[in-house]
Enquirer: 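My questions all concern the structure below.
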Amino acid sequence: MIRIACPFCGERDHSEFTYGGDASVVYPPLDAPAEDWAEAVFLRENIRGMQAETWHHVSGCRLWLIVERDTMTHEIRSVRPAHPGIARALGINVEEEA
Amino acid sequence: MSRYSAWSVFKNGLTGNRGWERAWRDPEPKPRYDVVIVGAGLHGLATAYYLAKNHGVRSIAVVEKGWLGGGNGGRNTTIVRSNYMMPGNRFFYEHSLKLWENLSHSLNYNVMFSQRAHVSLLHSPAARDAAARRYNTMRLTGSDGELWDLETLRREIPHLNYDNARFPIIGAAVQRRAGTARHDAVAWGYARAADSLGVDILQNCEVTGIRREGSRVSGVVTSRGEIGAASVGLAVAGNTSRLWQMAGLGRLPIETHKLQAFVSEPLKPLLDHVVVFGVGGTHFYISQSDKGGMVFGGDLDWYKSYAQRGNLPIVQDVAECATSILPCLGRVRLLRHWAGVMDMSMDGSPFICRTPLDNLYLNAGWNYGGFKASPASGWYFADLIANRRPDPVIEPFDLGRFNRGLNIDERGAGPDPKLHG
Amino acid sequence: MSARRLIQGGRIDREKSLRFRWDDRVLSGHPGDSLASALLANNQWVLGRSFKYHRPRGIMSAGVEESGAIVTVGKGDRRVVNTKATMQELHDGMEASGQNAWPSVRQDLGAINGLFSRFFSAGFYYKTFMGIPPFEWGRGTGMWMWYEKFIRRAAGMGNASREPDPDHYDHVHGFCDVLVVGSGIAGMSAALAAAEAGLEVVLVEQDWEPGGDLLGQYGAEAERRRQGMVQDLQTAGVRLMLRTTAFGLYDNGVAGLLERVTDHLKDPHRDLPRQRFHVLRARQTILATGAIERGIAFGNNDRPGVMTADSAGLYLNRYGVLAGEQVVVATNNDSAYNVALDLAGAGAEVSVLDARARIPGRLSELAADADVNLRNNCTVMKANGANGIRSVNVAIRSGGTRSGGTRSGGAWKAGSRQDCDLVLVSGGWSPVVNLMSHRGVRPTWNADIACFLVPEPHEGIRMAGAAAGCWTVNDCAQSGLSAGRAAARALGREVTIVDAPAPGGWESPIRPLYEVRIDGWKLKSLVDPQHDVTSDDVRLAHREGFVSVEHLKRYTTLGMATDGGKVGNVIGLALMAEALGRDIPEVGTTTFRPPYTPVSIGALRGRSVDTHFRPLRRTPLHDWNLAHGATMTMAGLWHRPWYFARDGETISEAYVRETETTRRAVGLCDVTSLGKIAVQGPDATEFLNRVYTNPFAKLPIGKARYGIMLRDDGIVMDDGTTWRLGETEYFMTTTTAHAAKVMAWLEELLQTRWPDLRVHVTSVSEQWSGCAVAGPKSREVLAACVADGAILDNDRFPFMGVIETELKGGIPCRIARISFSGELAYEAYVPSDYGPAMMDLLWAAAAEHDGCLYGLEALGAMRIEKGHVTGAELDGRVTLEDAGLGRMGSENKSYIGSALRKRPELLREDRPRLVGILPRDRSQKFNAGSILCHPDAVSGLGEGWITGVTHSPSNGHWIGIGFISGGHEAWDGKTAIAADPVRRGNVEVEIVSPHMYDPDGEKMHG
């Protein structure tokens, strides 16, 4: 069981969350060309090691989180809300964390 | 290669089994080969075998960082079937099943392919109609498939949960030619047969770099030295992205996830078929091995991972599924559970294709269905490498398909690797 | 063979007798006995049969490593197969029986396999059984499958029940600061140290008594020490969990524990779970899991009457059972001496054959004092006897070094025969590092004490005691203290760190001895006795190139049996190392997988079984529907009305009537399961405009709009209506199937992609009950129910209009004029608790118009007539154009999926498009799931497929919808074949527009 320290709810089992995906993906503007969208939607760095990824606390506060986690050891380095405004409201300095 | 047979077993038994030869050699790497296949898993070994056998290539090395057959080939739940319906998949998997049917004879190695029927339980008229589409497509393309009504199913498998199930069983979609095989034997059989055709299988030989010369590769750097190659084929499952990046090729439509597998203590015969259960967001499959263990599995662990070990939520989930369809399993004990890492693709379908580099070829993206695919995967990958063009059957399995808008998506799950199977 | 219960000694309650049945024999034991000790006390030796050769098997150990006494406990649907008799607590009335044998384990016809064992070497089955013998002629799988039938019957161990497991199981979730596994002296010391530092400690013990090795030591001193420590644990507030196995360690300090609650009880209370599966989240973990004694591979080392030395000590001191009168102890280390002395003290005639050249002075003196016959440079080469032991052949160390290396224990020559009835073996000790292995840690070989160790802590997990290679009681205590303190320090407690003792502790070093092999002797020595893996099998694997430990394991099945390789793995490694001419560390070790000991699948599933396998979702109208005659069906996790049969109607009769009534008058349908999402905020309009393919920027307040969402890749995700309730407030509906997915998707977009949008989304699916009111009389019905019927006038409330109003009785209500059936229709939503009240009102009004209730079957019939798509069509592979909804894709804005929906393959004209399907001969029926083919080529992948069919009351014949290449325009005037080989065969069909009922929508708009 991976234990994820949700900034809103506290440390919880990963079974309360759903895994989103690679948080480093930058989705292009909606009017960007199809090639840009294809890259964002279909291509992955697929890091073995520490990666930033999104998780959704779906059975909890329903925050989308950005979790830095090692994909080999499952060790978690940091957890913060994906939404910068929510992060600020919880007193998490987004710039510093990022 | 000395032939295996009842006669050879008898003869060697009389002489203390001292006459058996090595199943494969342990050669030193040569400086150069015509073809270097990276990854001595089922796909890599099968590729080497068919390159030698079908295409007469004589200078082939298969390089493997650990021991041959040690990846998903030795970690899966051994199910062989061809109940795919999408263009692209349909003919590929049917060819694979046909190869399976004679694989023991072709390799002179008993891979124990047992066509004990693959039985997908159905729980609603809508699911039956969806299955009918799939199995009709199979029938119309020369495969077998049938729908069992409840009465037939009860007769065939009397101890399923017919009376007290959350999702009542109404029948099953069945492929009788499908079944299970002995997974390790497939790796060993291909390795032995390939070796006998002169293929060098280099174990404990980890690729640490790929030598590039412009738009070509000239060889691989390994823990046992540099090995030159006229062509290089990658068949490394969960580690595809890492090799791809070694070749300086950037990103792939692949994410690495892990899948757990489970085996119970050995039991006297309890289940003759492969039974599949998928409703209400679950996915579960179970069969009984010849040794008597109930072999089963379910979904991915749902998060990206390169770790070959699983976590408890899926353990619970598969236990729930197991006892929900076979309530007698409650008192049966789980003996072992383990995990393998899968290269999950963006549409759940594989890649057997050329790459941006002229003489580098890719075999990847098998999700968690690679076991059954291995004979055809080797067959067509060998053909691709030998002839430098894809056979029409595997033309859809290229990297450009997403840009073209071709999704070979059997589940209709969309570009989210964890949702495929 | 003469095992017997002594008249005194042991921890059993001699005042009470427990009667139990072993096969056809009724025997007795005492409280405190294990099944194994009770069987031994009754001098029962042949308790099992091995997997392949059906060799007789007796008790080989006293613990989890048992490979011989594997039996079936219980009867009928309560029987548990493959139970290790050594781990089963005896209770009165227990029924145990032998397995993998016929007619019984004592006389087993399967033993004939042993005669052919020379042919049944490792992996022989890969070399034959392919075709017709002797040269494997033929093709296909037929011959193999013929052989396989017999192989399967011969394989397997216990015969499990096919009846449902009658017991129930619980799940428990727990937390603690420190988890200590194992209550031996190290574990208790560790737990005490951690608890004294103020930490919350859980100590789990797989046995039914705490104490570990202390339970098997002779004398009052050990017992005093044990009781004192247990008392201290209680005082310190340690939670001690007995009969509980930590079977696996998972990420982030999570342990899986199995607690056996009733397996030791004769008549457990029916409310008690049989077992509990605990998920324990520990911040630090200490593994004081002990060590397991290894055997030595000598001839017939698997015969009943050969057991580990330590277990004989345990049977004597814990259970008061003397396992033999004439005992030979073969050892290569100091640990077996205590056992020898104890057995001699109990009256046995004991010989110790020590493989070492020099024997520690103190030990030889003690042996002499106790009349123990002691020989150095000796060991056992072969045990004699069929179902028990009559004698052993002694092996004597020979001077020279035999060619082929000495790693497995040197060179031996045959010595004399020595009579005995019990052979005890100690080939060294293997610390239980299994749980560390679960964490991906590779143990390292310690050549000094000849075992694998994990010396460094990992992820807050530490080894202590014998599990850390400490062999003496005092070292174990200190090792535990050290680990307990270190865990406390890791958790920030101010404690003094204590050094861990160095591994080892014997007076004189162990001399590794794994196999006794003598030239000219054919010895059948087993490495894995349960799976019949012999030393020769290991060498055969080497000869054939299966030299990696994983290949060795898989080729020979070494370590794959129910003991998980606890006994045989190290010997197998040593033999392979010898064959390769390498050291053990170069050969490596296999990875131990969870569970440590096998775990009931029932315990892992807990209460999620049968009808509780998954939650059942019921709408607030559930009871109302049932009271009004609904037959329910599954829709995902939901129960929804399928049809409302009247007077013995069949489902077909019922849905046709419901459809006709709705189309003629009015029908009511529970639509509560649709997903409902409140979309609120200043940027809600912009948000919806980006999410939906069609324009939402100008939707007026008080209007609803049908919208389609795409995935990023341009494929249709979901559809539904969204109602504008105010300037900044919308009410979105989704399909039942995708309600949760759409909600999560909207949250993802808002939180990760568009954090600048000021929008909040809230799932209100469970806040509102919904009812569709459909049919020409629907306006009248609704008008009779709302406070002010005039608001429903066509002018004031046109098609796609939305109002918020009250039903009679002050029930708040929101209504939209939307139609799935194709009739004049409304969807009315009230706060959930008002659902039944709304239905009462609507139903009373509908009755006035001879209306009906309708279910999913009629809903499906009407939507097929109308050509409306559902999940059967929107299957995750379909584009807007495929679904005939191309006009829904705005060209004037960008939205999710707008870029990728324009990829070339998705725009091909020949893609399958949504169509209607009619049988050419109108009297014919056809099926959903049929493949649409060109009449010239009823084979191949086909031109399309059918997704839904119904008998159309409006048309009076069967109709369907589906997809076909190029759409209905391309098939105008042509015939297609609906091929359904899995059911009914082929039907000729016409392809038409999917809008087969009121194509211009006059009725909805009317």
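Numbered from 1 within each chain, the chains take letters A, B, ... in sequence-line order.
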Enquirer: Show your reasoning for whether ring pair (Phe, Tyr, Trp, His ring centres under 6.0 Å) applies to B:F277 and C:F613.
Expert: CA-CA 13 Å; B:F277 171 53; C:F613 167 61; 5.4 Å; yes

Enquirer: Please answer whether the main-chain N or O of B:G412 pairs with a side-chain N or O of C:D875 as donor and acceptor at a distance below 3.5 Å.
Expert: no

Enquirer: Would you mind reporting whether C:I601 and B:F296 have side-chain heavy atoms less than 4.5 Å apart?
Expert: yes

Enquirer: Check for a donor-acceptor pair, side chain of B:H159 on one end and backbone N or O of C:E163 on the other, with a separation under 3.5 Å.
Expert: no

Enquirer: So what's closer than 4.5 Å to chain B heavy atoms on C:M130: side chain, backbone, both or neither?
Expert: both

Enquirer: Yes or no on ring pair (Phe, Tyr, Trp, His ring centres under 6.0 Å) for C:F546 and B:W24, after CA distance, side-chain angles and deciding distance?
Expert: CA-CA 9 Å; C:F546 294 87; B:W24 48 81; 4.9 Å; yes

Enquirer: Do B:L68 and C:E550 come close enough that some side-chain heavy atom pair is under 4.5 Å?
Expert: no

Enquirer: Considering all heavy atoms of both residues, which atom of B:N136 and which atom of C:S930 are nearest to each other, and what is their separation?
Expert: ND2-CA, 3.7 Å

Enquirer: List the steps and the verdict of side-chain hydrogen bond (donor to acceptor under 3.5 Å, both in side chains) for B:S114 and C:E148.
Expert: CA-CA 8 Å; B:S114 174; C:E148 192 192 28; 2.6 Å; yes

Enquirer: For residues 122-145 of chain C, which residue pairs pass the salt bridge (Lys or Arg N to Asp or Glu O under 4.0 Å) check, not counting sequence neighbours?
Expert: C:K127-C:E544

Enquirer: Using a strict cut-off of less than 4.0 Å between a Lys/Arg side-chain nitrogen and an Asp/Glu carboxylate oxygen, indicate whether C:R877 and B:D347 qualify as a salt bridge.
Expert: no

Enquirer: One pair to check against side chain to side chain contact (heavy atoms under 4.5 Å, CB included): C:M634 and B:H123. What are the steps and the verdict?
Expert: CA-CA 9 Å; C:M634 297 287 175; B:H123 306 269; over 6 Å; no

Enquirer: Name the region of C:A154, side chain, backbone, both or neither, that has any atom closer than 4.5 Å to a heavy atom of chain B.
Expert: backbone

Enquirer: Could you tell me which portion of B:F91 (side chain, backbone, both or neither) has an atom closer than 4.5 angstrom to a non-hydrogen atom of chain C?
Expert: side chain

Enquirer: Please look at C:R78 and chain B and tell me whether the side chain, the backbone, both or neither of the residue comes under 4.5 angstrom of a heavy atom of that chain.
Expert: both

Enquirer: Under 3.5 Å, side chain of C:R162 to main-chain N/O of B:P158, donor-acceptor pair present?
Expert: no

Enquirer: With respect to chain C, which residue among B:F262, B:F113, B:W100, B:Y135 yields the maximal number of heavy-atom pairs within a distance under 4.5 Å?
Expert: B:F113

Enquirer: Check whether any side-chain heavy atom of B:R309 sits under 4.5 Å from a side-chain heavy atom of C:D251, and report yes or no.
Expert: yes

Enquirer: Could you pull out the closest heavy-atom pair between B:R331 and C:V80, with the gap in Å?
Expert: NE-CG2, 3.8 Å

Enquirer: In terms of side-chain geometry, is the basic nitrogen of B:R333 or C:D165 positioned less than 4.0 Å from the acidic oxygen of its partner?
Expert: no

Enquirer: Quick one: does C:R543's side chain get under 4.5 Å of B:E21's, heavy atoms only?
Expert: no

Enquirer: Between B:H337 and C:F592, does the ring centre distance come in under 6.0 Å?
Expert: no

Enquirer: For C:F51, which atoms come within 4.5 Å of any heavy atom of chain B: side chain, backbone, both, or neither?
Expert: side chain

Enquirer: Provide the closest heavy-atom pair for C:L540 versus B:N17 in the form atom of the first, atom of the second, distance.
Expert: CD1-O, 3.6 Å

Enquirer: Counting only non-hydrogen atoms closer than 4.5 Å, does C:Y147 touch chain B with its backbone (N, CA, C, O), its side chain (CB onward), both, or neither?
Expert: neither

Enquirer: Under the 3.5 angstrom rule, does the side chain of B:N110 hit a backbone N or O of C:T128 as a donor-acceptor pair?
Expert: yes

Enquirer: Against chain B, label C:F116 side chain, backbone, both or neither, depending on which of its atoms sit under 4.5 Å from a heavy atom there.
Expert: neither

Enquirer: Search all heavy atoms of B:S5 against all heavy atoms of C:F135 and return the closest pair with its distance.
Expert: CB-CA, 3.9 Å

Enquirer: Sequence neighbours excluded, which residues qualify as salt bridge (charged side-chain N to carboxylate O under 4.0 Å, His left out) partners of B:R166?
Expert: none

Enquirer: Give the minimum heavy-atom separation between C:R614 and B:E320, together with the two atoms involved.
Expert: NH1-OE1, 2.8 Å

Enquirer: Are B:K291 and C:K52 close enough, and set up right, to give a side chain to side chain contact (heavy atoms under 4.5 Å, CB included), and what steps lead you there?
Expert: CA-CA 10 Å; B:K291 257 173 68 186; C:K52 193 156 72 168; over 6 Å; no

Enquirer: So do B:M112 and C:F129 actually touch side chain to side chain, heavy atoms under 4.5 Å?
Expert: no

Enquirer: Would you say that C:N100 contacts B:K268 through its side chain, given a criterion of any heavy-atom pair below 4.5 Å between the two side chains?
Expert: yes

Enquirer: Might you point out which heavy atoms bring C:C933 and B:L140 nearest each other, and give the distance in Å?
Expert: SG-CD1, 4.0 Å

Enquirer: In the structure I gave you, are the side-chain heavy atoms of C:L941 and B:T141 within less than 4.5 Å of one another anywhere?
Expert: yes

Enquirer: Hey, mind stepping through B:Y4 and C:Y126 against ring pair (Phe, Tyr, Trp, His ring centres under 6.0 Å) and telling me if it holds?
Expert: CA-CA 8 Å; B:Y4 288 161; C:Y126 299 124; 9.2 Å; no

Enquirer: Salt bridge or not for C:D536 and B:R18, using N-O below 4.0 Å?
Expert: no

Enquirer: For residues B:P327 and C:V609, determine if any side-chain heavy atom of one lies less than 4.5 Å from a side-chain heavy atom of the other.
Expert: no

Enquirer: With only heavy atoms counted, which part of C:V254 is less than 4.5 Å from chain B, the side chain, the backbone, both or neither?
Expert: side chain

Enquirer: Is it the backbone or the side chain of C:R908 that comes under 4.5 Å from a heavy atom of chain B, or both, or neither?
Expert: neither

Enquirer: To the nearest 0.5 Å, tell me how far C:L552 CG sits from B:W67 CH2.
Expert: 11.5 Å

